[in-house]
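Heads up, the thing below is written out as structure tokens.
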Amino acid sequence: MKDNPYQSLREFFAADPEKADKEFFGRVSNPDRRGFLRNTGLATMAAMVGTSIPFHPNMPMGFVPAALANEDILVGKDGLTLLNDRPLNAETPPELLDDAITPTSRHFIRNNGIPPEDVDPTTWTLTIDGFVDTPMEMTIADMKANFDVVTMALTLECGGNGRSFFNPPAKGNQWTYGAVACSEWTGVRLKDVLEAAGVQDNVVYTAHYGADEHLSGDPEKLPISRGVPIAKALTDNVLIAFEMNGTELHPMNGAPLRLVVPGWPASTAHKWLKRIELRDIVHDGPKMTGSAYRVPNRKVSPGEDVAKEDFVIIERMPVKSLVTFPANGASIGMETEVRGHAWSGDREIASLDVSFDFGATWQKAELDAPVNSGAWQNWRTNITFPQAGYYEVWARATDSEGEMQPFAIDWNPKGYLNNTMHRVGLRVS
Ligand SMILES: Nc1nc2c(c(=O)[nH]1)N[C@H]1C(S)=C(S)[C@@H](COP(=O)(O)O)O[C@H]1N2
Ligand SMILES: [Mo]
């Protein structure tokens, strides 16, 4: 803080809350507690620190007393790695993604802002407006009464999954492998709702709005508002979901209502969903423009400064796979099962090959069909190692269009779409 030009902590936080948190706390603080303290007020904060706070007027909104800094904030999650706590971002180690359907406790969290609190699913409404014949406002009960309720296993992967492996490094959450999941979602088809409202001929894009707040606390600003081309919105596996794995959504995964857009950057899968607007232009909300969720339209050299007009919006996510058993670094016997998942946005996986000799030879894994369109595919194979020693298991998926996972990918400025093969090191004896 030595070069900080601001007169007070309040000013410092108001100007750039993310930067202020990082510089002030060394890392970012906890969004849950932040909101909690703001709503419950000074009396609660005093009770939590155990005494009164004489200089409380100097504390910026959402300030977290250092004495409370180490509480567990990943409530209801199991074994996730915290990457950032304001906004909250946490990923799942690959070996904890071993289930065919990802339990809620192991679904990653990617927040851009501050989630809403004390949501009431009975009064929550969703508005459909913009270029529709009949703008609508509906509760979750209305949705259940008026549309088919469907349950589907759907893969969500953050566009930045794998970012930590880019060199030169790309700014943003340093996801390794675990910003991906395939939970079972229950809800209504976005398509059915949009068709009931009447999609007008000039519609080209959706725009999604939620109830989370911008990190600055400024009600005029949105943390994120993305959308998809109307054709994607009208596909059968895009859901407005009110249940996750047979029960209510986890608060950090969008309770009580969210979009689930399988196969596309999960940033399109809006959480705490309040409104969908149909637009006659490509949506231009926060995180739609500039270099957010966009990649260069050409090969660029590592570290290159890419002009804004050379970026295109990411659409489908590329072919990818994970090894979920054994865990990287495991010690195992001469024979083992190797298994995991594979997925490719808007496509199916055609084959999954495994190598344990650094890619010289490959063996085909047994590959399940997706349980429904938009679900990842489970695969498994048995390996017999020729002798004791260090091995790496590599998994390589190929999709229905012949696209195959690469050894290495081209660099891009924001570190998106890293679909290189997953490598798992094993000590065999
Ligand atoms: N309202 C809202 N929706 C959101 C976000 C957000 O910050 N706010 N993050 C998006 C991003 S970038 C991702 S990757 C997914 C993550 O979903 P999850 O946290 O349930 O895993 O939510 C998307 N939906
Ligand atoms: Mo994301």
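Numbering of ligands and ligand atoms starts at 1, following listing order. The structure presented is a predicted model; accordingly, all values stated were derived computationally and were not measured.
A salt bridge links E392 to R423: at least one charged side-chain nitrogen sits closer than 4.0 Å to a carboxylate oxygen. With respect to the salt-bridge test (charged N to carboxylate O, under 4.0 angstrom), the residues R298 and D310 qualify. A salt bridge links R316 to E403: one of the charged nitrogens lies within less than 4.0 Å of a carboxylate oxygen. A salt bridge links R347 with D399: the distance from a Lys NZ or Arg NE/NH1/NH2 to an Asp or Glu carboxylate oxygen falls below 4.0 Å.
Residue contact check: C158 has heavy atoms under 4.0 Å from atoms 14 (S) of ligand 1. Taking every non-hydrogen atom of D212 and a distance limit under 4.0 Å, the qualifying atoms of ligand 1 come out as 1 (N), 2 (C), 6 (C), 7 (O), 8 (N). Taking every heavy atom of I224 and a limit of under 4.0 angstrom, the matching atoms of ligand 1 come to 2 (C), 6 (C), 7 (O), 8 (N). Those atoms of ligand 1 that come under 4.0 Å of a heavy atom in N111, given as number and element, are 7 (O). Here is the list of ligand 1 atoms found below 4.0 Å of a heavy atom in A269: 22 (O), 23 (C), 24 (N). In summary, the atoms of ligand 1 found under 4.0 Å from a heavy atom of W272, numbered by their order in the structure, are 1 (N), 2 (C), 8 (N). Every atom of ligand 1 is numbered from 1 in the order shown, and the set under 4.0 Å from a heavy atom of Y293 is 12 (S).
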Handout entry: Stepwise ring pair (Phe, Tyr, Trp, His ring centres under 6.0 Å) test for F165 and Y177
Key = CA-CA 10 Å; F165 305 109; Y177 300 102; 5.1 Å; yes
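Residue-level proximity to ligand 1 for N253 is carried by backbone and side chain together, each with a heavy atom below 4.0 angstrom. The side chain of H107, and not its backbone, has at least one atom closer than 4.0 Å to an atom of ligand 1 (non-hydrogen atoms only; side chain from C-beta on).
Close N/O approach between F108 and ligand 1 is found [any backbone or side-chain N/O within under 3.5 Å]. Among the atoms of S267, none of the N or O lies under 3.5 angstrom from an N or O of ligand 1.
Remark: E248 CD is loosely packed, at most 12 non-hydrogen atoms of other residues, nucleotides or ligands lying under 6.0 Å away.
Remark: minimum distance from atom 19 (O) of ligand 1 to any protein heavy atom is reached at K271 NZ, 2.5 Å. At the top of the distance list for atom 23 (C) of ligand 1, counting protein heavy atoms only, stands A266 O, 3.2 Å. Counting only heavy atoms of the protein, atom 20 (O) of ligand 1 lies nearest to R258 NH1, 2.6 Å.
Under the 3.5 Å distance criterion, with hydrogens and angles disregarded, no donor-acceptor pair is assigned to the side chains of Q377 and W379. Residues S183 and R106 have side chains that never bring a donor and an acceptor to within less than 3.5 angstrom of each other.
One finds the NZ atom of K221 at 4.5 Å from the OG atom of S216 (value rounded to the nearest 0.5 Å).
A cation-pi arrangement, defined by a distance under 6.0 Å to the six-membered ring centre and an angle within 45 degrees of its axis, is present between R339 and F325.
Not close to ligand 1: L156, with no non-hydrogen atom less than 4.0 angstrom away.
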